[in-house]
2 protein chains.
Amino acid sequence: MNTTSRTEENYLKAIFQLCERSEEPIATNAIAHAMKTSAASVTDMIKKLSKKELVHYQKHKGVRLTDNGSSMATNLVRKHRLWETFLVNKLNFSWEEVHEIAEELEHIPSKKLIDRLDDFLGNPKFDPHGDPIPDAEGNFTFRKQISLPELAEGAEGILVGVQDDTMPFLQYLNKLNLTLGTKIKIVERFPYDESTKIVINGAQEQILTNKVCLNLFVKTV
Amino acid sequence: MNTTSRTEENYLKAIFQLCERSEEPIATNAIAHAMKTSAASVTDMIKKLSKKELVHYQKHKGVRLTDNGSSMATNLVRKHRLWETFLVNKLNFSWEEVHEIAEELEHIPSKKLIDRLDDFLGNPKFDPHGDPIPDAEGNFTFRKQISLPELAEGAEGILVGVQDDTMPFLQYLNKLNLTLGTKIKIVERFPYDESTKIVINGAQEQILTNKVCLNLFVKTV
DNA sequence: AAGTATTTTTAGACTAATCTAAAAATATTT
DNA sequence: AAATATTTTTAGATTAGTCTAAAAATACTT
């Protein structure tokens, strides 16, 4: 059987996401933490993925995705983000509700399905959290974006993405009226507590903590 | 854990479908055949479902769904048929392609998802094969329909459903231009080989075998 | 009603994914 | 560089779902 189980897919996706943040091989423990499982289980699975040539692996040296593993993971990301877009744009879900459901939908296997869905949605390049959606060949669209702390005092930007896409953060942004496409102007920075005063859509003033600012991506206008 | 696995769901659905055709308890072998597995596996699973009170079961006496089991199965049918409708109506799949993909999609757990999908599709009452879609409470819409052999010679009907929804049959119907909504007139029956001559949409003449006729449902106009 | 055939259940083994606990390897500290 | 701490791997057990083969129960025939 040369098929890939749901569990294997989840490991591949977790490794892919850890790879994005580091050049180094990924540690067993890091994967165990991401997958909420034990290091022993990770070792077992790594051996299995290695046998299938989806990861490069040497004992005690951590793990990297092979080209094959990487393209499988990219395809999962594509499916995840397209389904999220469907849920928000067509079924009127809000951006913080969709992650969990998309975790399930991303494992539906048909390529034809996902390509038809892509067309149905108008071949979107970014998902409801501003993350890029790879195309059928695995190419990501890059956007020149900067995090809010990089935006100069007095400058303006459009909110185009978030770093953290978990429920609590997205719900907090909802409360602040911060949705994708919102215009943000940096009014003043307060070194004392690293907070930032912004104006939202030229109207509403707001103080943001540094933690929030680090999780917001804007493009300059 | 009071959750229901994918495998358990598939057994429930198979039993539900067997129940539709008989008043008698369902035999272990019948389930084994439907699930393409061994009788031994079925016995194991039946015990498990029985412990969860999803089926009534006595050794050697066959199996029936409990109210609980029945409503879970109905919900699976609802999900299956709504997804099929989505695939055909929104993603332009043809009616013979959708069964396999819907077998996967029906296991996605969110109730909110399926109710939103239902609304998005305009709360359809029948799927692309003419089968009724139960509502969120599990109620089926019944339609007065008869199979083609019940339609009198000279009478007309509109094709509203098929008994067999497997690929080969549906593809055969495609070749004959027989799709849901087609007008069928019985021209003449030939007792010699039990075949039937029909006219499709008042234009195309066609001979159908009894096997095909038995699988077609029409409503009279 | 006795014997045969069929169906169903039990028994025991297998695989995938997981766990805990212990052993081995690597990294850090003094 | 030795001692300690951490990380990773191994070993052995567990669970869900499956299998085959044999035993038990039921059904069919004559």
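The chains referred to below are lettered A, B, ... by the order of the sequence lines, with proteins before strands, and numbering in each begins at 1.
For the pair A/Phe93 and B/Lys112, the minimum side-chain heavy-atom distance is below 4.5 Å. Counting heavy atoms from C-beta on, the side chains of A/Lys61 and A/Tyr57 never come closer than 4.5 Å.
For C/dT26, neither phosphate oxygen OP1 nor OP2 lies less than 4.0 angstrom from any side-chain nitrogen or oxygen of A/Lys61. Here A/Tyr57 does not reach the OP1 or OP2 of D/dT8: none of its side-chain N or O atoms lies under 4.0 Å away. In terms of phosphate contacts, B/Thr37 brings a side-chain nitrogen or oxygen within less than 4.0 Å of OP1 or OP2 of D/dC19. Distances shorter than 4.0 Å separate none of the side-chain N or O atoms of A/Thr43 from OP1 or OP2 on D/dT10. Taking only side-chain nitrogens and oxygens, B/Thr28 never comes nearer than 4.0 Å to OP1 or OP2 of C/dT7. An OP1 or OP2 oxygen of C/dT10 is reached within less than 4.0 angstrom by a side-chain nitrogen or oxygen of B/Lys59. Between B/Asn29 and C/dT6 there is no side-chain polar atom (N or O) within less than 4.0 angstrom of OP1 or OP2.
The pair B/Arg78-B/Glu137 fails the salt-bridge criterion, with no side-chain N (NZ, NE, NH1 or NH2) lying under 4.0 Å from an Asp/Glu carboxylate O. With salt bridges taken as basic N to acidic carboxylate O contacts below 4.0 Å, none links B/Glu103 and B/Arg6.
Taking atom CE on B/Met35 and atom P on D/dT18, their separation rounds to 6 Å, with Å as the unit. Rounded to a whole Å, the CD atom of A/Gln58 is 11 Å from the P atom of D/dT9. Across the protein-nucleic acid pair, A/Lys47 atom NZ and D/dT8 atom C1' stand 10 Å apart, rounded to whole Å. As rounded to whole Å, 15 Å separates atom C1' of C/dT7 from atom NE2 of B/His33. The distance between atom NZ of A/Lys36 and atom C1' of C/dT18, rounded to the nearest whole Å, is 17 Å. C/dT8 atom P lies 14 Å from atom CG of B/Asp44, rounded to whole Å.
For the residue pair B/Asp164/B/Thr166, the side-chain donor-acceptor check at 3.5 Å is satisfied.
The 5' end of DNA chain D is approached more closely, in terms of each residue's nearest nucleotide, by A/Ile26 than by the other of B/Ala39 and A/Ile26. Positionally, the nearest nucleotide of DNA chain C for A/Tyr11 lies more toward the 5' end than for the other of A/His60 and A/Tyr11.
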